[in-house]
Amino acid sequence: MPEYKKSEGKKSKKPSKVSNAIRLAVFWLFCLVLVAAIFGNLGGSDIASGTQPKEMSISELLQATEDGKINEIIVRGNDLIATPKEDSDLSGYTITSRKDGAGTLQEQGFDELVKEHKVSIKVEEQVDYLGIIIDVAIIVVPVIVVVVFISRMMSQAQNMNNQSMGFGKAKARLYGNEKKKVLFSDVAGNEAAKQDLSEIVDFLKNPKKYEKLGAKIPRGVLLAGEPGTGKTLMARAVAGEANVPFFSISGSEFAEMFVGVGASRVRDLFGKAKKNAPSIIFIDEIDAVAHKRDARGGAGREDEQTLNQILVEMDGFDNDSGVIVIAATNRVDMLDKALLRPGRFDRHVNVTLPERKDRVEILKVHFKNKPVDEKVSIDALAAKTAGSSGADLANIANEAAITAARLGHDKITNKDVTEAFERIAIGPERKSKVMSEEERKITAYHEAGHAVVGHVLPDSDPVHKVTIIPRGRTGGVTWFLPPEDRSYKNIYELKDVLARAMGGRVAERIILGEDGITTGASSDLQHVAELSREMVTQEGMGKQLRDQVFNSDEVNFFGDRAKMYSEKTSELIDAEIEALNKEADARAEAVLNANRKALDELAEALLEKETLEEDEVAKILKDTKLPAAAKLH
């Protein structure tokens, strides 16, 4: 999505000043060497064009001069270059020679010969260009090395300074100039939340309408809800509807290893928002920096300094500042009370899990641009996905498309959708897992036990599907789906959940005997233990401890987790939990003993087909009955 700022992602590497200095130094050094080579060649290239070089000893050159064959001699240090006369036999050559030792031409006997034969002599001083360049390089190269070293040190110091200066800058991403904005129409469901937030949008668009009546718009809005319910999307929709800049940052992005950086980033963020007012600041996962303060903390703690700065900034807002803070969290209970008081986060908006009609709309949005077979029922999928968040539904739609592509389908079929739903809910099928006949039989009776107990008990959800094909970490699955969305469950429904969860272990015990039980019921027993403890300690559903709640994970003054009730109460809680578990076991055993024939038939059908759908299960279990021992009184 386009942003006002440059992306925080990977940046293209640009050459630094240090690397440029190094390249420049190498270039000039190369130039010096090249010039030395050129001048060295020029200094020794006096051979006339069209002639051939001929080397002579000094005595041979003297003889040629004496014979009158030489016209001119050029003297360059110890080197001699002679040009012969055109009518001599040396014509067409350029003669080179070298003086012997360090003597002069006069000492070599040239003086008299020159006068006698009128030979022209030119003396040239030889310039040692290579030596000069080497001398210069000896001076220049160390200077270049020192300059590069100092430049590198200064560059590193500048980078460290820039980095330290950047610590106090907020890492917020700024949105607002996108071609395609997120609007409320793009957010399916959560009509109540959208209604609450629409007032914020109206204020940002028409502030004078509220100012005339003396109304003050909330400075902060807290979006609370389960993960994946669309809190961030809802905040983006507010900015899109109001058409104002939207600063987005995560609570964890305020934190840093240096104390005081978080507070600095808060000041920077609010400063930017005020400059771009009217604007919205969105802080995702605000509980990362705004959790409850306690006596164990202190003024020097980084997280508390960050929280204090947020409180100060929100208090410092003018009524006409045009800046609104929206925060999101799924742990309202962890937030500091000072953050929730009026004048800061004045309005709390609950972004709940979507209801059935909302799930239909969400699924339509996610399937809108995908080729879907006409037989696929979005309503049926919405009914099966009770308790799923918007993110879960998006994942199911995407997984269905992936499954269809993997199987080579042109369109997404019902089979693809079902596979996607079950893959997300439990895990992929493990068809490659090899099970012995004995294991298949145990698994079939285990799952049949769940199905029979759940089918017979009056307050249990209906059986949706039973399979003995391993999925995820399970050896088989018995699926119960509620016929409609429910916000509450009564004690009868929860006790039926306990009993049907025990149905698998009880079926194993009936078939294999007391000593033949397996580890296949470990997850069921864990579920029973957790649910029965929750019923007693959190829901007040015990017999002796009815309507009492006990929090066992509270933290005392010293930071230690401790039970906030007596040992006697703890014993009562354990007794209540044990009573619920025994009752669930007894009810499951009564149901399975009374319907043993149905149990055998369902297990045999599973061994034959491996997977049974809802109507097939209902047909096999149509004659089952509820025994008196399994009724709740």
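For the single chain, residues carry numbers from 1 onward in sequence order.
- Distance OG1/Thr443 to CD1/Ile469: 11.5 Å, rounded to 0.5 Å.
- We find that Glu583 and Lys495 are joined by a salt bridge, their nearest charged nitrogen and carboxylate oxygen being less than 4.0 Å apart.
- For Ser460 (side chain) and Leu457 (main-chain N/O), no donor-acceptor pair under 3.5 Å exists by modelled atom type.
- A side-chain donor from one of Ser566 and Thr569 sits under 3.5 Å from a side-chain acceptor of the other.
- There is a side-chain donor-acceptor pair under 3.5 Å between Gln526 and Glu530.
- A side-chain donor-acceptor contact under 3.5 Å links Glu493 to the backbone of Asn490.
- Although no hydrogens or angles enter the test, the distance criterion places a donor-acceptor pair under 3.5 Å between the side chain of Arg347 and the main chain of Asp196.
- Salt bridge Asp585/Arg509: present, at least one basic N to carboxylate O contact under 4.0 Å.
- Salt-bridge check for Glu578 with Lys582: passed, with a basic side-chain N closer than 4.0 Å to an acidic carboxylate O.
- A donor and an acceptor atom, one from each side chain of Glu508 and Thr518, are located under 3.5 Å apart.
- Remark: the backbone N or O of Pro354 is paired with a side-chain donor or acceptor of Arg359 at under 3.5 angstrom.
- Although no hydrogens or angles enter the test, the distance criterion places no donor-acceptor pair under 3.5 Å between the side chain of Thr418 and the main chain of Lys415.
- With Phe480 as the aromatic partner, Arg500 meets the cation-pi criteria of under 6.0 angstrom to the ring centre and within 45 degrees of the ring axis.
- Thr403 and Glu419 are not linked by any side-chain donor-acceptor pair at a separation below 3.5 angstrom, with hydrogens and angles left out of the test.
- Of the possible donor and acceptor atoms, one in the side chain of Arg546 sits under 3.5 Å from a partner among the backbone N and O of Gly542.
- Aromatic ring pairs are classed by plane angle as parallel below 30°, tilted from 30° to 60° and perpendicular above 60°; the pair His464 and Trp479 is perpendicular.
- A salt bridge links Asp574 to Arg533: at least one charged side-chain nitrogen sits closer than 4.0 Å to a carboxylate oxygen.
- With hydrogens and angles disregarded, a donor-acceptor distance shorter than 3.5 Å links the side chain of Glu447 to the backbone of Thr478.
- Put simply, the side chain of Lys370 gets close to the backbone of His366: a donor and an acceptor are under 3.5 Å apart.
- In this structure, the side chain of Thr229 does not engage the main chain of Gly225 through any donor-acceptor pair within 3.5 Å.
- Checked by atom type, the side-chain pair His455/Asn595 shows no donor-acceptor distance below 3.5 Å.
- A donor atom on one side chain and an acceptor atom on the other are not found under 3.5 Å apart for His409 and Asp373.
- The pair Arg596-Asp600 meets the salt-bridge criterion, since a charged nitrogen lies less than 4.0 angstrom from a carboxylate oxygen.
- With Lys465 as the partner, the side chain to side chain contact (heavy atoms under 4.5 Å, CB included) test is satisfied by one option alone out of Lys384, Glu422, Glu616: Glu422.
- Lys441 places no side-chain N or O within donor-acceptor distance of the main-chain N or O of Ser436, the cut-off being under 3.5 Å.
- Here Arg440 pairs with Glu437 in a salt bridge; the nearest charged N to carboxylate O distance falls below 4.0 Å.
- Atom CZ of Phe282 is separated from atom CZ of Phe247 by 15.0 Å, given to the nearest 0.5 angstrom.
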From CA spacing to verdict: side chain to side chain contact (heavy atoms under 4.5 Å, CB included), Arg587, Val591:
CA-CA 6 Å; Arg587 295 180 70 208; Val591 169; 5.6 Å; no
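- Between the CE atom of Met334 and the CG atom of Asp287 there is a distance of 5.5 Å, given to the nearest 0.5 Å.
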